[in-house]
J.: 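The following block contains the structure, expressed as structure tokens.
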Amino acid sequence: MNLTITLKKSSMAVWTNKMTSTTEQDCELSYRYWTHACSSLVFSVLRCHGQDFVADMERLSVRRHQQAHFLPGLAKLGLDQETNDVRRCALYHFFSNSLGGLPMHYVEERPDKIWIRYLAPFWMGDSPLHPSSGPAILGPAFGRAPFLGWHAFNGAFLGNPKLVFVHTQNLVEGEPWDGGYFTIDTEDHAPGEGYLRRPGEWGPPPDPATTPALPHASWPSERRLKARRTFAIEFMLSRIRTLCDLVGLAEAARLTERAFTICLAQLLPSICAELGLAGIVSAADGARCYAGLAAANGSNVDHTETTGAQRLVEYTRLWRTEPSPGEEIEQAIAHAWSAALKLYGSERSCSLTVQGKDDYLWSFA
Amino acid sequence: MTSSSAGEEAKALPAAVVFATSLNTALVLATVRLLGSQEAASCEYAVHEALWREQLGPYRASGRLTGPLECAGAHLLIEREAGMSVSLFDSHDEKVWLLYPPPYRLGDGPLAPGTGVAAIPGEVGHAYFRARHAATAAYAGIRFVQTHDMTEGDICDAGYFMALSPSSESYAWEHGTEPPPGLVLDRTAGEQVSAARCGALLMANRTELHRRIGALCERAGTASAALIAEHALATVLVGRYQWLLDRLDMTGLSSPLYAAQLYAESCGWMGDRPAVMDHGDHALVRHDSAVTPLLPGSSERFLQAAANAWAAVLPLYRFEAGVSLDLGSSPGTASLRFFDRQPGRG
């Protein structure tokens with residue numbers, strides 16, 4: 001018997017036993033998968049290349065993300081008309097990271113000194129939804145990296161060389177959050193040098209009465225959840241692209257495969273459970289599992305179910321912002337899936353043929 | 001907040017396991033961060049070598065460790081008793097396999113699978129097998145070949161016992177390129193873990209925490225060990241600050257008393273819930289032994305480390321909250337003093 005099922009984006013995740021997958025469940029699943037994969041990649045890079053290298057990767061990855069998203073994001077969040085650069089930056093980080101699922105504080109001490117705090121659970125390892133002890137290995141430089149990669153350049157983007165970010169708390173140095181404040185310095189700073197480190201300053205406590213309302217609070221739930229999913233996917237892909245720039249495609253692919261293998265070894269049983277699969281006892285189950293996750297990611301998936309090997313066509317949504325750095329990366333993720341499927345039997349495997357831009361053919365055995 | 005009913009116990013036990021495993025994992029990772037891979041591997045070896053000597057004792061005394069099957073069987077029984085997921089597979093080619101499916105024993109354990117394992121250096125992962133399996137093999141005059149290790153990017157940990165060839169050492173690392181035969185997924189991980197297995201995991205993790213801190217003190221000195229322990233505990237507490245409230249059915253810390261109770265409850269998970277005394281503007285938690293079960297080192301430095309770690313997390317609950325250590329007027333006692341209005345804040 002042949003059965004063809006077409007899944008369109010996340011309208012219905014997959015023909016699970018439950019058949020009740022919702023956009024909310026899809027987005028939760030996808031967010032968890034990508035945040036775990038992202039943590040796994042950072043930890044893998046640290047293990048294989050050391051603390052200094054992973055901090056560099058983080059700084060450059062965040063910088064890449066800023067170049068793609070900062071100015072368009074200001075407009076999307078309605079901040080392009082804000083004339084106070086301190087408030088404009090603080091609100092941007094408060095809004096965008098809250099939208100990405102991170103708990104945040106915004107505290108306006110005065111118009112030219114506004115605090116933002118990135119609260120725990122950490123944005124790294126394994127996600128705000130699933131706290132982990134992983135960050136215990138991250139060194140102080142890693143905690144400074146995102147601020148050096150992004151906040152230090154905000155002044156240059158906005159044409160305000162006196163705009164600086166003062167970094168006061170660093171979570172990986174045993175403090176309760178990452179944070180500090182935007183302010184206007186007395187001196188000009190070159191692009192990338194608008195960062196000052198002043199440990200020990202705490203600023204005022206948060207006041208819910210004066211915290212700005214999130215613009216996306218009024219968005220439909222589906223839109224918010226999809227935005228959070230996009231946040232996780234795009235941050236991961238930024239890191240992969242940056243890694244390719246730093247170590248070349250072959251080594252980046254090796255680290256990507258390692259990261260996804262460990263991520264899947266840890267998560268695959270729970271992914272199966274969430275998709276209504278009792279396990280992976282056949283090639284069809286393997287295809288169903290992957291198809292369910294791909295659909296949850298927002299990809300279009302066509303799966304032809306036959307009695308033998310399973311073939312699945314995915315029109316991926318992954319490389320929307322920038323093209324894939326190379327097929328080696330897609331193959332690395334496929335190898336990781338193939339390795340993880342063997343947890344359910346040594347005969348289980350999958351392979352990927354990249355048929356064209358964003359067009360994948362998967363085979364499951 | 002006392003765990004009196006069966007329902008509360010059913011909720012508290014898995015939370016205690018996750019907390020204890022996270023603490024152990026964070027300690028390993030913080031050791032790697034501050035002392036490097038080699039030193040962390042040496043500590044892990046010391047922890048497991050001493051534990052294994054005790055655990056294997058009865059089997060050695062019985063004279064039953066005579067070959068690969070008997071040695072693998074002893075590991076299966078001992079490690080299952082400690083709550084680990086392990087299976088045995090006799091491939092009938094003179095190899096008897098031991099297979100450890102994910103989630104990994106570290107980071108953050110079987111109840112809360114996570115990716116912290118990706119950061120653990122290979123030598124730290126191997127130290128477990130060098131200390132335990134290699135010791136068994138050496139005693140029995142056979143060999144253990146480790147083939148898979150999750151810290152090396154594998155989907156599981158695995159290896160096999162086999163008869164010793166004349167030129168062989170008792171342990172070898174021969175990285176497998178294929179999955180090991182007989183691998184069976186741990187279907188009891190996550191929410192399915194039984195109360196009995198939770199209890200075993202909790203006991204094992206408490207013991208390991210004691211041993212890790214002891215090994216750290218011996219290798220790095222008490223001052224460095226306390227610093228590492230403080231970083232580990234702060235990471236766990238800060239990362240799990242909301243999780244702690246949820247697991248203990250608390251909605252927030254509206255006064256120093258609640259902060260003190262939160263601390264005491266987490267100590268309870270680790271085996272010794274201290275008394276809490278409310279003094280209105282502050283609350284005291286009294287340790288009769290001057291040792292906190294969260295960082296069970298014998299020096300007062302570990303109490304100070306625990307106080308520092310709690311000082312790091314408290315502002316997440318109440319911006320101005322703080323904690324300090326008061327060493328007792330009578331020898332061997334100490335109190336943690338929880339208060340509001342930390343100077344320089346708020």
J.: Can you measure from CG (B/Leu23) to OG (A/Ser133) and round to the nearest 0.5 angstrom?
T.: 9.0 Å
J.: Quick one: what part of A/Ser44 sits under 4.5 Å from any heavy atom of chain B, side chain, backbone, both or neither?
T.: both
J.: Drop me the distance from A/Leu46's CG to B/Ile120's CD1, to the nearest 0.5 angstrom.
T.: 12.0 Å
J.: Please answer whether the main-chain N or O of A/Pro135 pairs with a side-chain N or O of B/Arg33 as donor and acceptor at a distance below 3.5 Å.
T.: no
J.: First locate atom OG1 of B/Thr115, then atom CD1 of A/Ile262, and finally report the distance between them rounded to the nearest 0.5 Å.
T.: 8.5 Å
J.: Considering only heavy atoms and a distance below 4.5 Å, find which of B/Gln242, B/Glu230, B/His231 pairs most often with chain A.
T.: B/His231
J.: Between B/Ala234, B/Ala311, B/Ala312, which residue shows the highest count of heavy-atom pairs closer than 4.5 Å to chain A?
T.: B/Ala312
J.: Is the backbone of A/Pro131 close enough, under 3.5 Å, to the side chain of B/Arg240 for a donor and an acceptor to pair up by distance?
T.: yes
J.: Please report the interatomic distance OH(A/Tyr344) to CG(B/Leu185), rounded to the nearest 0.5 Å.
T.: 5.0 Å
J.: Sort out for me which of A/Gln169, A/Arg117, A/Arg258, A/Glu257 touches chain B most, counting heavy-atom pairs under 4.5 Å.
T.: A/Arg258
J.: Please look at B/Pro315 and chain A and tell me whether the side chain, the backbone, both or neither of the residue comes under 4.5 angstrom of a heavy atom of that chain.
T.: both
J.: Answer whether the closest heavy-atom distance between the side chains of A/Leu343 and B/Pro102 falls below 4.5 Å.
T.: yes
J.: Check whether any side-chain heavy atom of A/Lys342 sits under 4.5 Å from a side-chain heavy atom of B/Ile155, and report yes or no.
T.: yes
J.: Under 6.0 Å between ring centres, would you say that holds for B/Phe319 and A/Trp115?
T.: no
